[in-house]
Every structure is written in structure tokens, then in C-alpha cells.
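Read the structure below first, then the notes.
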Amino acid sequence: MLDMIRKKQKSVIIQIVFWTIIAAFVGTIFLVWGKGDQGGEDNQMAVMVNGTRIDLANYRQAYENLTEFYRELYGRQFTPELEKRLRLKHQTFQTLVDQELLLQEGKRLGIRIPQEELVASIARVEAFQIDGQFDKDRYIKALASRRLTPEQFEKGREEQMIVEQVRKRFNEGVAISESEVEEAYRLQEEKIELDFLRFSPNQFEQQVVVEEAALAAFYAERQEEFRIPEKIVLGYLEFDPAVFRSQIVISAEDLEKYYHRHLDLFEIEEKVKVAHILFRIPPDSDAAARDKIRAKAEETLKKIQAGEPFAKLAKRMSDDTASAARGGELGFFPRGAMPQRLEQAAFSLAVGAVSETILSDAGYHILKKLEHVEPGLKPLEAVKGEVEARLSGEKTRELAFEKAMDAYNIHRKEGNLESAAKSVGLEIQNTPPFARGEPAGKLGLLPESVERAFTLEDGKLARPVALSDKVILFAVKERHASRVPELTEVRDAVEKAFRRKKAAELAQTRAGELLAELRQGKPLAEVAQQRQLETSNTGLFSRRSEPFIPRIGNVDSAFPLAFQLTPEKPLLDQTVAVQEDVVLMVLANTQPADLTHFTPEQRETLRNIALAKKQREHMAKKLTELNEQAKIVISPTLQKILEEG
């Protein structure tokens with residue numbers, strides 16, 4: 001699910017799924033997992049909602065879990081800056097308030113959860129199951145790990161179910177008409193084409209004149225951007241696991257245990273090997289053209305059924321030229337790697353059998369199944385060498401760490417890397433100076449546990465750390481404090497930034513000049529020709545690509561404005577920033593949606609998307625009303641937290 005969201009987060013349906021997950025996620029944290037025993041400052045009130053208190057502990061737990069969710073969602077892109085842009089502190093606060101208001105509304109409506117429904121819902125939680133069956137001991141232990149009693153959890157679960165019932169009641173009257181579904185299709189399938197001019201700072205850098213006074217003033221304003229961060233030099237001993245290979249003894253029993261502990265490494269994935277003949281359908285094909293292509297595919301299928309070789313026909317008939325040269329062969333595919341209809345046929349066919357014609361987004365296919373690999377496990381004898389190599393690597397790394405730990409424990413009081421080196425017969429190696437997040441010479445990028453050395457007292461031994469291929473025992477040898485350099489030290493970098501800034505200003509100025517002429521009604525081509533500039537064209541694109549416009553890039557808030565352009569008012573009356581570039585855009589062509597291509601499957605999908613969107617909007621309206629009617633008192637502590645976020 002997270003992979004899908006990362007890739008398609010801008011699409012309408014994924015946004016609906018995404019925000020539904022967020023609301024449920026934070027609400028579940030609050031109502032079910034957020035009410036264990038807390039102590040100290042966390043017993044303070046965070047917010048009072050119509051007289052009902054939400055503690056700071058509940059808020060912090062919800063915020064922590066929501067942050068972890070986003071960290072998993074965005075990976076390395078989840079930075080403190082992104083966290084602020086997402087306003088996670090405010091998002092957590094508002095969701096907790098909304099959940100409490102929905103709970104209060106449920107109680108006002110007299111909603112009750114029957115005991116049997118509550119018990120059944122808890123029994124369905126996978127965290128409380130063993131082999132698919134509810135296990136009471138596991139349930140008790142799972143709750144204890146969160147410092148929750150069954151009574152606390154069950155009360156929270158009941159409240160969560162009440163909130164779910166309120167949401168359902170609010171949305172009971174929300175419906176979608178056929179005209180709304182068709183309008184959604186028109187919006188989705190309508191396409192436009194833009195002519196554009198791009199102005200890049202690269203085009204103007206040669207025009208920038210660097211004067212010493214201007215450069216000095218620029219640096220004075222921005223010198224913190226060029227600050228040299230704190231750097232350290234580590235002295236370290238390298239314990240190479242390979243050195244200890246001769247000390248490792250691996251028995252047949254060890255191999256057996258490792259194999260059974262890591263069966264997932266030796267699974268045989270089910271897969272099929274297929275060939276195909278593709279009859280491609282161009283995107284702009286009308287119904288008559290599509291029928292002609294289908295007839296061609298069916299005629300080819302009849303020839304195969306009559307005995308003509310599949311590979312020979314694939315070479316001659318297939319529009320997939322890459323596979324046609326191989327007789328249509330595509331190679332092996334596991335489940336989940338092919339479009340659903342093709343996968344269903346490929347896995348259900350007998351080896352050597354040929355499918356009927358199958359329609360996909362690309363066109364009509366005829367499949368032939370060449371091989372089928374059944375799922376299973378590679379036997380130990382077949383992978384004995386691999387198992388031994390993996391186990392040997394694991395044991396040698398463990399022994400290398402033990403040796404490093406022994407040296408650390410013996411010498412940590414004196415904190416002397418030199419005496420540790422002498423005792424284990426290793427030479428001290430030194431990293432070049434490096435800052436946080438920078439490679440430490442041949443050690444490369446170090447894990448967080450090594451970067452803690454920045455807070456380590458100079459000369460003191462740090463605990464050993466296992467890297468990917470070695471274990472190191474280290475100490476800080478040198479420390480270089482962070483400082484603002486003189487301009488002469490960083491002149492090249494400052495001058496580069498200065499040129500870039502001035503060139504960007506020139507690009508913006510030039511774009512503004514041309515925009516002024518376009519506002520007077522001059523055609524883009526004429527304005528460009530007068531200045532010997534070359535216009536470009538995006539080709540047709542739809543709203544599905546938001547915020548990306550082909551050949552231009554991500555235009556963010558300007559994307560919907562492009563679809564508001566008309567032949568009567570074709571000019572986008574503003575410059576558009578695309579990273580460092582500035583773009584002017586003019587409508588070149590429009591292509592309305594063709595309702596004759598609106599299939600029943602698409603209609604049903606769009607109906608569900610439109611309904612979910614309408615329900616979300618209706619729910620947002622209801623929550624706004626509840627918030628406006630509620631008495632909400634925020635504590636000074638939480639107010640300070642929200643202001644910081």
C-alpha cells in the first residue's frame with residue numbers, strides 16, 4: 001500500500017485512500033492505543049473538547065505514530081522541512097479533536113455497540129491471533145506491552161466503533177448521479193496541448209557581471225549558507241570478519257538450523273514463461289479502427305489454431321518488435337507483474353496452450369504459455385553451498401564483533417586506542433575530516449551509531465560498530481569546530497551562487513517582458529520569432545498527470561489553471577516557476593472526452609471515486625460544523641507545541 005501511495009500520491013483516488021488512512025490511523029491511535037498509564041508532565045491536559053479532556057500523553061503518542069507513518073511513507077525524503085510543510089503537529093491535533101467530536105455525536109445519537117460485535121472485532125485483530133485464531137494470552141501480552149489493560153483497550157475499541165458508525169450515518173444520504181459520473185469522466189479524459197517558452201538561468205549566466213562590492217554584500221547576507229560544519233577525524237581499528245574464517249566450525253546441524261530459520265531465502269516463486277503476439281491500438285483510435293485491429297488479431301488466432309507456428313506468426317505479425325524477433329517470447333513473470341487479464345490467462349493456461357485474444361491497455365494479445373514453475377522450496381542439498389556461505393559470514397561477523405568488544409571492554413577505562421591496537425595486533429587507521437552525513441573516507445557513509453561520535457569526548461573509546469563488511473573500534477582523534485569562512489576561502493562557491501541568483505532574476509525579467517506583450521494579444525510564435533527564441537509544445541495530456549506537464553515538468557498550483565484556458569482566452573496570464581526555470585504557456589489545442597469510449601468498468605470505477613470524494617467533502621463539512629459549535633480549550637503547553645510546528 002505504501003509503495004502504491006508513494007508512486008501515485010497525486011492521483012484523485014490515491015489522495016482519497018491516503019487521507020482515509022491518515023484519519024483512521026490517528027483516530028485508532030487515540031481511541032485504542034493512546035490511553036495507557038502515563039506519568040509526569042504527560043498527565044497535563046492538552047485540549048478540552050466540550051468538557052472532555054485529552055491529555056498531552058495522548059497527543060504525543062498520536063503525533064509520534066503519525067510521524068513514523070510519514071517516515072515510512074516518504075523514506076529519506078522525510079526531512080524536518082517536509083514535516084513542517086505537512087503540519088503534522090496541527091494535523092494530529094485536529095484529527096484528535098475531530099475524533100472526540102464524532103464520539104460525542106455518537107453518544108448523543110444513542111449509538112451502542114453490541115457486546116458480540118465488539119468481541120468479534122477484537123478477535124479479528126491479527127496482532128492477537130496465532131495461526132489465524134484469537135489467542136487470549138497473546139492478547140493480554142500485546143496489551144501489557146503498551147501498558148494497557150483489557151478494560152482500557154475494549155473501551156477504546158468500542159469508542160472507535162461508535163465513531164465509525166457516526167461516519168456511516170453522516171454519509172448515508174450522499175449519492176452520485178449519472179451526470180456527475182459522466183462529468184468526472186469528461187474531466188479525467190479531456191486533453192489539452194500547450195505551446196510554451198522556457199527561460200533558464202543557464203541562458204543568462206554569461207550576462208552576469210560580478211562586481212566585488214556586490215559579491216561582498218551578497219556574501220554578507222548569506223554567509224550562514226556557506227558555514228563550514230563541525231568536522232571530526234576518527235582513529236579506528238578494523239576487525240575484518242574474513243580473518244576469523246579458520247576459527248569457525250560449521251556442523252551439519254548448524255546448516256540445518258540456519259536453513260529452517262531462513263526458509264524465505266530459499267523459496268521458489270511461482271512464475272510462468274510466456275510468448276505473445278501484440279496488435280497495438282493507437283491511443284487516438286476510433287471504434288472502427290479498434291474493430292479492425294480486433295479482427296486482425298482473431299484472424300491470426302485462427303491461423304495458430306489451424307497449425308501455423310506461433311513463433312513464425314509472432315515474428316511477422318506482432319507490433320511488439322522487441323519480442324517479435326524472439327518469436328514473441330517475453331520471459332518469466334511472477335504473479336503481480338502482468339496486467340490482470342493477461343496474468344489470469346497466463347497462469348490458467350496449460351503449458352504449450354494458446355489463449356483467446358485478450359484486450360489490455362496496449363491492445364489485443366495472443367498468449368502462449370511456454371513454461372510454468374510451481375511454488376515451493378529449494379531443498380537443503382541444492383543450496384548447501386549458499387547456506388554454508390551465509391552462515392559462515394554470519395558467524396565470522398559475530399566473532400569479529402566479539403573480538404572488538406573484548407578490546408573495548410579491556411581498554412575503555414583508559415580510553416586508549418593505541419594500547420587497544422597493540423593488544424590485538426592491528427594498525428590504527430585514520431579517516432579524513434568529515435561532517436555529519438558526509439562519507440568518512442574509505443569507511444563511506446557511517447550509520448547513526450557512529451555519527452554519535454560527534455558528541456563523544458575526544459580520545460575516549462566508543463563501543464564497536466558493525467559496518468556492512470567489517471567491525472570498527474574507534475575514538476575521536478581531532479575535532480574542527482563549525483565556523484563561517486572568510487569570503488576568500490569560499491569565493492568560487494559564493495560567486496557561483498551569486499551568478500545563479502542574478503541569472504534567475506534576468507530570466508524572470510525577460511519572461512515578464514514577453515508576458516506583457518502577450519497580454520496585448522500578440523501570438524506566442526510572433527513574440528518568440530522577434531527575439532529568435534524557439535517555442536516548444538507539450539503534446540496532448542490529461543489531468544491524470546497532475547502536477548506534471550510533459551516537457552515542462554511539475555508546475556504544482558499552475559496545473560489546474562492550464563485546464564481553465566480556452567481558445568478565446570488561451571494565455572496563462574502569469575509566469576510559472578519550474579525549479580529554477582521560468583515558463584510562459586499558451587493553449588494550443590483541446591481534445592474533449594469521447595463518451596463512446598466510456599466502458600461500464602470505467603463508469604463503475606469513477607462512480608466509486610466520485611462517491612468517495614463527495615463523502616469526504618460531506619464529512620469535512622460536518623466536522624467543520626461540529627468544530628464551530630464546540631467549546632475547544634487548548635492548553636498553553638499544546639499551544640506552544642503547535643506554534644513551533
Side-chain angles (χ1 to χ4, degrees), residues 2-3 6-7 64 67-86 88 224-245 265 389-390 392-405 407-408 412 415 417 420-421 424 426-485 489-490 492-493 496-497 579:
L2 291 182
D3 287 340
R6 289 189 192 104
K7 292 174 182 175
E64 180 182 324
T67 302
E68 187 58 35
F69 176 86
Y70 273 99
R71 186 175 287 112
E72 172 65 18
L73 176 66
Y74 285 99
R76 291 188 175 184
Q77 296 176 5
F78 187 74
T79 61
E81 292 76 19
L82 177 60
E83 181 181 348
K84 283 189 175 181
R85 287 206 306 272
L86 292 169
L88 296 193
E224 279 298 323
E225 296 176 18
F226 301 93
R227 173 180 285 278
I228 296 173
E230 178 190 17
K231 295 188 177 185
I232 60 174
V233 174
L234 296 184
Y236 65 93
L237 305 179
E238 183 178 305
F239 293 80
D240 184 356
V243 171
F244 305 102
R245 179 66 185 88
L265 297 174
R390 287 177 177 274
S392 174
E394 187 179 284
K395 286 183 173 292
T396 53
R397 286 192 295 273
E398 289 173 358
L399 186 52
F401 191 86
E402 288 176 11
K403 296 292 186 183
M405 199 66 183
Y408 168 73
R412 65 177 174 175
L417 189 64
V424 295
L426 293 174
E427 291 186 6
I428 296 176
Q429 302 182 57
N430 295 316
T431 69
F434 67 96
R436 286 180 172 88
E438 291 181 350
K442 68 177 186 178
L443 294 181
L445 286 171
L446 298 174
E448 185 181 340
S449 54
V450 180
E451 286 211 355
R452 291 179 189 148
F454 281 90
T455 61
L456 187 68
E457 185 180 342
D458 292 1
K460 292 293 184 182
L461 286 178
R463 289 177 64 85
V465 171
L467 304 181
S468 60
D469 59 346
K470 62 179 73 73
V471 178
I472 60 170
L473 179 62
F474 62 94
V476 177
K477 301 287 284 186
E478 299 176 23
R479 191 180 299 274
H480 305 281
S482 172
R483 63 187 178 86
V484 174
E489 295 179 69
V490 288
D492 288 347
K496 182 178 180 181
Q579 295 181 334

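The figures here come from the full heavy-atom set of this structure, side chains too, leaving out hydrogens, waters and symmetry mates. Please read these numbers as outputs of a predicted model, since none were measured by experiment.
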* Determine, step by step, whether Arg483 and Glu489 satisfy the salt bridge (Lys or Arg N to Asp or Glu O under 4.0 Å) criterion, reporting the C-alpha distance in whole Å, the side-chain angles of both residues, the deciding distance to 0.1 Å, and the verdict. => CA-CA 12 Å; Arg483 63 187 178 86; Glu489 295 179 69; 2.9 Å; yes

* Asked: Would you say the side chain of Phe239 lies within less than 4.5 Å of the side chain of Leu473, judging by non-hydrogen atoms?
  -> yes

* Structure fact -> In terms of heavy-atom contacts, Leu445 and Gly437 come closest through CD2-O, 3.2 Å

* Which pairs count as ring-ring contact (aromatic ring centres under 6.0 Å, His included) when at least one residue sits in residues 446-479, sequence neighbours excluded? -> Phe434-Phe454

* Are Glu230 and His480 close enough that some pair of their side-chain heavy atoms sits under 4.5 Å apart? -> no

* When rounded to the nearest 0.5 angstrom, what distance separates CD in Glu68 from CZ in Phe78? -> 9.0 Å

* Structure fact -> Here the pair of heavy atoms bringing Pro432 nearest to Ala440 is CD-C, 4.1 Å

* Asked: Between atom CZ of Arg463 and atom CZ of Arg412, what is the distance when rounded to the nearest 0.5 Å?
  -> 7.5 Å

* Is a donor on one side and an acceptor on the other found under 3.5 Å between the side chain of Glu402 and the backbone of Leu399? -> no

* Asked: Taking the side chain as C-beta and beyond, is there a heavy-atom pair between Val484 and Glu224 under 4.5 Å?
  -> yes

* Structure fact -> Residue set satisfying side chain to side chain contact (heavy atoms under 4.5 Å, CB included) with Glu225, at least two apart, ordered chain then number -> Arg222

* **Close side-chain approach of Pro447 to Val465, heavy-atom, < 4.5 Å** => yes

* Asked: From Leu86 CG over to Thr67 OG1, what is the distance, rounded to the nearest 0.5 angstrom?
  -> 9.5 Å

* To do: Answer whether the closest heavy-atom distance between the side chains of Tyr236 and Leu443 falls below 4.5 Å.
  => yes

* Closest contact, heavy atoms only, Leu237 versus Glu427 -> CD2-O, 3.8 Å

* Asked: Any side-chain heavy atom of Ile472 sitting closer than 4.5 Å to one from Gln429?
  -> no

* To do: Might you point out which heavy atoms bring Ala453 and Val476 nearest each other, and give the distance in Å?
  => O-CG2, 3.5 Å

* Salt bridge flag under 4.0 Å for residues Arg71 and Glu83 -> no

* Asked: Taking all non-hydrogen atoms of both residues, which atom of Ala462 and which atom of Leu456 are closest, and how far apart?
  -> CB-CD2, 3.7 Å

* Roughly how far, to the nearest 0.5 Å, is CG of Leu461 from OH of Tyr408? -> 7.5 Å

* **Which residues share a side chain to side chain contact (heavy atoms under 4.5 Å, CB included) with Thr79, sequence neighbours left out** => Glu81, Leu82

* NZ/NE/NH1/NH2 to OD/OE distance under 4.0 Å, Lys403 and Glu398 -> no

* Taking all atoms of both residues into account, what is the closest heavy-atom pair of Asn430 and Gly235, and its distance? -> OD1-CA, 3.4 Å

* Asked: Is Arg436 close to Lys231 at the side-chain level, that is, under 4.5 Å between some pair of heavy atoms?
  -> no

* To do: Examine distances only and state if a side-chain atom of Thr431 and a backbone atom of Leu234 form a donor-acceptor pair shorter than 3.5 Å.
  => yes

* Does a side-chain heavy-atom distance below 4.5 Å link Leu265 with Arg390? -> yes

* **Atom pair CZ/CG of Arg397 and Asp240 - distance to nearest 0.5 Å** => 11.5 Å

